[in-house]
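A short worksheet on the structure shown next.
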Amino acid sequence: MAKYALITGASSGIGRATAFALAKKGYDLVIASRNLEKLEAVKKEVEAAEHVAVTPIVLDVTDTAAIHQVTSVVLEKFGAPDVLVNDAGLARGLEPYAETDEEDILEMIDTNIKGLFLVTHDFLPAMVKRNSGHIVNLGSTAGLYAYAGAAVYCASKAAVKTFSDGIRIDLMATDVKVTTIQPGMVETPFSEVRFHGDKARAANVYKGIEALTPEDIADTIAYVVDTPRRMQVSDVVILANQQGTGFLAHKE
Ligand SMILES: NC(=O)c1ccc[n+]([C@@H]2O[C@H](COP(=O)([O-])OP(=O)(O)OC[C@H]3O[C@@H](n4cnc5c(N)ncnc54)[C@H](OP(=O)(O)O)[C@@H]3O)[C@@H](O)[C@H]2O)c1
């Protein structure tokens, strides 16, 4: 394999768009999520559009044993990724913390924090050994500005930001780079997942505002991984034009 990117959460939304954007830059891809059928569809479309090889791989990032199994197979087969995009993530519910289901709390922590930390932990030593590679973590403006009904989600994304800052310090003497991408409002199936499949409630989130597209974020990721060796983009905060901060937006 030539240079390759491993993208978690590549079956949908930002991760899926990132697969297309990095393929366009010539990266072969290993794309991971829990849904093989969706990954196969992404593979088919990407390979039809670009001359790259795409390997789909089933991975539930909440499952520690599965992470170790998948990362060891990937390392054995392809070596350390040139780009690791830790995109798999979700929000569940929009209620005050006291009313949030324990199951939802744990799913957000296990996916957004534990999964991202452990996937990184498995790949990082090989990147350091090779002295190259770029870790791109999907944080959120939610990690910078908390909003109502999202204490756990916001805390999980704040963890992504400070985790990225911490490993960047560890990696100062190496050529390995770390970037946190912190999008505001991006129209994807994210809200549908948050509201456990309630499409009408999800559609309401994006009513009256021109939200960002997954491609806006994917293009930004394609930009940050293509900077010169001397340059490392630490954070990118991307708001929809009608957003004033992470939680404040003008809606028509
Ligand atoms: N949309 C926004 O407004 C927004 C803003 C800021 C940050 N973000 C962040 O951007 C990332 C992508 O979100 P999105 O908007 O693109 O949402 P999305 O369309 O729902 O995509 C989420 C992706 O994560 C994967 N995923 C979820 N749980 C997983 C698990 N346990 N194991 C493996 N993969 C898992 C899903 O794949 P499967 O279901 O196939 O497993 C899917 O590919 C998330 O980290 C999110 O927090 C989104």
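Basis for what follows: all heavy atoms, side chains included, without hydrogens, waters or symmetry-related copies. Keep in mind that this is a model prediction, so the values were computed, not measured. Numbering of ligands and ligand atoms starts at 1, following listing order.
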Nitrogen or oxygen of M185 less than 3.5 angstrom from that of ligand 1: no
Identify, by atom number and element, the atoms of ligand 1 in contact range of T62, meaning under 4.0 Å from any of its heavy atoms. 31 (N)
Taking 4.0 Å as the limit for heavy-atom contacts, which would you say applies to V61 with ligand 1: side chain only, backbone only, both, or neither? both
Identify, for atom 17 (O) of ligand 1, the protein heavy atom at the shortest distance, and state residue, atom and that distance. T188 OG1, 3.5 Å
Per-atom contacts, ligand 1 versus D60 - under 4.0 Å to a heavy atom: 30 (C), 31 (N), 32 (N)
If you have a sec, work out which protein heavy atom is nearest atom 27 (C) of ligand 1 and how many Å separate them, to one decimal? R34 NH2, 3.4 Å
Is any side-chain heavy atom of T245 closer than 4.5 Å to a side-chain heavy atom of T141? no
With a 4.0 Å cut-off on heavy atoms, does G139 reach ligand 1? yes
I need the contact type for T111 against ligand 1. Using non-hydrogen atoms and a strict under-4.0 Å cut-off, is it side chain, backbone, both or neither? side chain
Check if S191 has a non-hydrogen atom at a distance under 4.0 Å from any atom of ligand 1. no
A student checking ligand 1 against N35 at a 4.0 Å heavy-atom cut-off should list atoms 40 (O)
Are the charged groups of E107 and R92 less than 4.0 angstrom apart, N to O? yes
Among all protein heavy atoms, pick the one closest to atom 37 (O) of ligand 1 and tell me residue, atom and distance. S11 OG, 3.0 Å
Whether the side chain of Q243 engages the backbone of M185 through a donor-acceptor N/O pair (distance < 3.5 Å, no angle test) should be reported. yes
Relative to the ring of Y145, is the ring of F247 parallel (under 30°), tilted (30 to 60°) or perpendicular (over 60°)? perpendicular
Protein residue, atom and distance nearest to atom 25 (C) of ligand 1, heavy-atom basis: G9 CA, 3.6 Å
Checking L84, V74, T71 against D122 for side-chain contact (heavy atoms from CB on, under 4.5 Å), the one that qualifies is T71
Determine, for R16 against E45, whether the closest basic-nitrogen to carboxylate-oxygen distance falls under 4.0 angstrom. yes
So is S140 polar-close to ligand 1, meaning N/O to N/O under 3.5 Å? no
Identify the two heavy atoms, one from Q232 and one from V178, that lie closest to each other, and give their separation to 0.1 Å. OE1-N, 3.0 Å
What's the shortest distance from atom 22 (C) of ligand 1 to any protein heavy atom, and which residue and atom give it? G89 O, 3.7 Å
Could you check whether any side-chain N or O of R130 sits under 3.5 Å from a backbone N or O of A80, counting only pairs where one atom can act as donor and the other as acceptor? yes
Would you please determine whether E192 falls within less than 4.0 Å of ligand 1 on a heavy-atom basis? no
Backbone or side chain, does any N or O of D87 fall under 3.5 Å from an N or O of ligand 1? yes
Which atoms of ligand 1 have any heavy atom of V186 under 4.0 Å away? 1 (N), 2 (C), 3 (O)
What one should report as the nearest heavy-atom pair of I209 and Q242 is CD1-CB, 3.8 Å
Can you tell if the side chain of L22 reaches within under 4.5 Å of the side chain of V83, non-hydrogen atoms only? yes
Part of L59 within contact of ligand 1 (heavy atoms, under 4.0 Å): backbone
Checking heavy atoms under 4.0 Å, the part of K157 that sits near ligand 1 is side chain
Tell me which one of I181, I135, L138, L6 satisfies side-chain contact (heavy atoms from CB on, under 4.5 Å) with V85. L138
For atom 19 (O) of ligand 1, the protein heavy atom that lies nearest, with its residue and separation: S12 OG, 2.5 Å
In a table with atom names and distances, give each donor-acceptor pair under 3.5 Å that connects a side chain of residues 217-225 to protein atoms at least two apart or in another chain.
from, atom 1, to, atom 2, distance (Å)
T220, OG1, D216, O, 2.8

Close N or O approach (G15, ligand 1; < 3.5 Å): no
Just need the protein heavy atom nearest to atom 5 (C) of ligand 1, so name the residue and atom and give the distance. G184 O, 3.0 Å
Is P214 in contact with ligand 1, taking contact as a heavy-atom separation below 4.0 Å? no
Mind checking whether P183 has an N or O less than 3.5 Å away from an N or O of ligand 1? no
Got the closest protein heavy atom to atom 34 (N) of ligand 1, with its distance? A88 CB, 3.5 Å
Using side-chain heavy atoms (C-beta onward) and a distance below 4.5 Å, is I105 in contact with Y97? yes
Polar proximity ligand 1 side, I14 side, N/O cut 3.5 Å exclusive: yes
Quick one: CD on E192 to CG on L90, what's the gap to the nearest 0.5 Å? 13.0 Å
Which atoms from ligand 1 have a heavy atom of S33 less than 4.0 Å away? 34 (N), 37 (O), 38 (P), 40 (O), 41 (O)
Would Y153 count as being in polar contact with ligand 1, using the rule that some N or O on each side must be under 3.5 angstrom apart? yes
Indicate yes or no: does K161 engage D235 in a salt bridge with an N to O separation below 4.0 Å. yes
Treating T8 as the side-chain partner and D87 as the backbone partner, does any N or O pair qualify as donor plus acceptor under 3.5 Å? yes
Is NZ or CZ of R168 both nearer than 6.0 Å to the six-membered ring centre of F163 and within 45° of the ring axis? no
Which ligand 1 atoms are under 4.0 Å away from a heavy-atom of G13? 16 (O), 19 (O)
